[in-house]
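What follows is a single structure, written as structure tokens, with notes after it.
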Amino acid sequence: MRVFILIFALVFAAPLSASAQDVVAGSDAQELRARDVGRKLRCVVCQNQSIEESDAQLARDMRVVVRERMADGQSDAEIIDYMRERYGDYVLLKPPVQTNTYALWFLPLVLVLGMLFWLVRFNRRRVAVETRQLSDAERVQLNKMLEDDST
Amino acid sequence: MKLKALVPLFVFAGLVIAFGFGLTRDPSLLPSEMIDRPFPAFELKDLYTEDMVTEEVFKNEVSLVNVFGSWCVSCEIEHPKLMELGRNETVRLIGVDWRDTEEKGKRWLARNGNPYDQVIFDGESRLAIDLGVTGAPESFLVDPSGNIRYKHVGIITDEVWSDILEPIVNNLRIENTQATLQP
């Protein structure tokens with residue numbers, strides 16, 4: 001059991017911030033802020049990671065730039081804009097909600113609602129069919145068929 | 001009634017086609033944000049001398065800025081083409097030695113040849129990040145006013161030069177001549 005807990009803990013320990021090893025900002029508060037901003041920026045080389053997690057050289061250089069700008073007094077928004085101006089919207093790990101990303105953000109919701117709507121329509125029609133009553137002629141025919149079966 | 005039941009299938013097929021098309025696009029090729037914008041201001045050391053180079057180096061002539069590094073294998077493949085352009089003095093070549101040490105950069109150029117009119121040393125990616133560079137080799141075409149007009153990601157092959165870059169260089173030259181002839 002203890003081994004299991006140890007392995008479990010190690011698995012979660014794996015994705016340590018790469019920046020813990022080298023680049024550190026002036027004050028603790030600034031470092032926390034810098035890591036926060038860094039976690040929002042995509043490493044453009046290893047594109048599934050943020051610049052905080054990535055081991056790529058360019059990611060390290062970008063971390064340095066973030067910390068330097070922060071020391072210069074720039075705000076989080078200004079630093080993110082700086083990266084965005086040079087690398088485009090793709091450098092943001094969370095796509096911004098704007099005209100060309102409405103489909104990205106809202107399509108899943110639209111699809112789910114569409115499916116629910118479709119299911120409701122489909123069920124309603126089937127219920128209507130089932131409640132159609134037998135006509136008199138059909139009832140006589142049914143009784144006759146049942147009688148024939150039982151003899 | 002039957003056709004209506006196929007609507008979800010058609011919607012799904014439509015999505016498959018749309019997403020399938022999206023999968024053919026290469027996410028590592030970021031579109032350049034820098035087109036038609038001024039080359040970012042910088043002040044970096046020349047690789048060989050103690051002089052500082054700034055964006056003033058782009059004035060008066062069309063330039064091809066080539067980002068390379070001694071660690072970059074593709075740059076070695078591309079280099080003969082740049083040597084050819086340098087020999088024929090086709091266009092002003094400005095090299096940016098990126099993420100290197102001066103030692104390694106100079107040694108690499110000594111071994112492979114130096115086609116550049118000037119080599120800028122960018123050891124800490126300052127200029128590279130300012131340009132939105134994600135890897136090497138990457139090349140920019142800069143007009144005589146100092147504006148970035150085109151970015152090419154990857155190796156400059158014979159086809160890339162003759163089909164894409166050369167026409168742009170020629171257009172920029174014509175544009176510049178027209179501008180200087182304006183009364």
Side-chain angles (χ1 to χ4, degrees), chain A residues 22-23 38 41-49 51 54 56-69 72 79-93 95 100-101 103-104 107-108 110-126 128-129, chain B residues 1-16 18-19 21-22 25-42 44 67 69-72 96 98-101 104 122-136 138 140 148 151 153:
Chain A
D22 44 34
V23 192
L41 294 170
R42 185 194 301 272
C43 169
V44 291
V45 178
C46 308
Q47 293 176 338
N48 284 328
Q49 295 180 306
I51 60 171
S54 174
Q57 261 274 39
L58 185 56
R60 184 199 170 276
D61 293 336
M62 283 170 85
R63 289 199 296 268
V64 171
V65 168
V66 166
R67 281 157 182 75
E68 275 188 3
R69 292 190 158 246
D72 247 354
I79 298 175
I80 291 179
D81 271 345
Y82 171 80
M83 291 295 179
R84 219 173 141 178
E85 271 174 30
R86 282 148 187 79
Y87 288 101
D89 288 338
Y90 193 63
V91 79
L92 300 173
L93 275 169
N100 64 343
T101 58
L104 175 67
L107 193 61
V110 166
L111 283 179
V112 168
L113 288 177
M115 285 192 297
L116 283 174
F117 176 69
W118 187 263
L119 282 174
V120 166
R121 269 186 75 196
F122 221 34
N123 278 340
R124 204 175 286 166
R125 194 167 300 147
R126 224 188 306 139
V129 168
Chain B
M1 166 70 199
K2 244 191 175 173
L3 202 60
K4 267 197 170 177
L6 291 176
V7 168
L9 185 64
F10 287 142
V11 170
F12 178 67
L15 286 175
V16 166
F19 293 153
F21 182 66
R25 300 170 70 194
D26 185 352
S28 64
L29 294 176
L30 296 182
S32 177
E33 300 293 310
M34 303 298 293
I35 306 273
D36 289 337
R37 288 169 57 182
F39 199 91
F42 65 94
L44 295 168
V67 179
S70 65
W71 43 269
C72 165
V96 179
W98 177 38
R99 267 205 274 119
D100 237 339
T101 65
K104 289 188 183 156
D122 186 19
E124 298 187 353
S125 302
R126 288 314 146 85
L127 181 56
I129 293 179
D130 252 351
L131 287 170
V133 166
T134 62
E138 284 187 10
F140 297 83
I148 297 176
K151 174 180 174 183
V153 174

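Every chain is numbered from 1, with letters handed out A, B, ... down the list of sequences.
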Might you work through the side chain to side chain contact (heavy atoms under 4.5 Å, CB included) test for A:L58 and B:I129, ending with a clear yes or no?
CA-CA 8 Å; A:L58 185 56; B:I129 293 179; 4.1 Å; yes
How far apart are the closest heavy atoms of B:M34 and A:R86, and which atoms are they?
SD-CG, 4.1 Å
Region of A:M83 that comes under 4.5 Å of a non-hydrogen atom in chain B:
side chain
Max heavy-atom pair count under 4.5 Å with chain B, selected residue of A:L111, A:D61, A:V45
A:D61
dist B:S125:OG -> A:R60:CZ (nearest 0.5 Å) comes out at 9.0 Å
Quick one: list whatever passes side chain to side chain contact (heavy atoms under 4.5 Å, CB included) with B:R126, sequence neighbours left out.
A:V64, A:V65, A:E68, B:D122, B:E124
Taking the side chain from A:Y87 and the backbone from B:L131, do they hold a donor-acceptor pair closer than 3.5 Å?
no
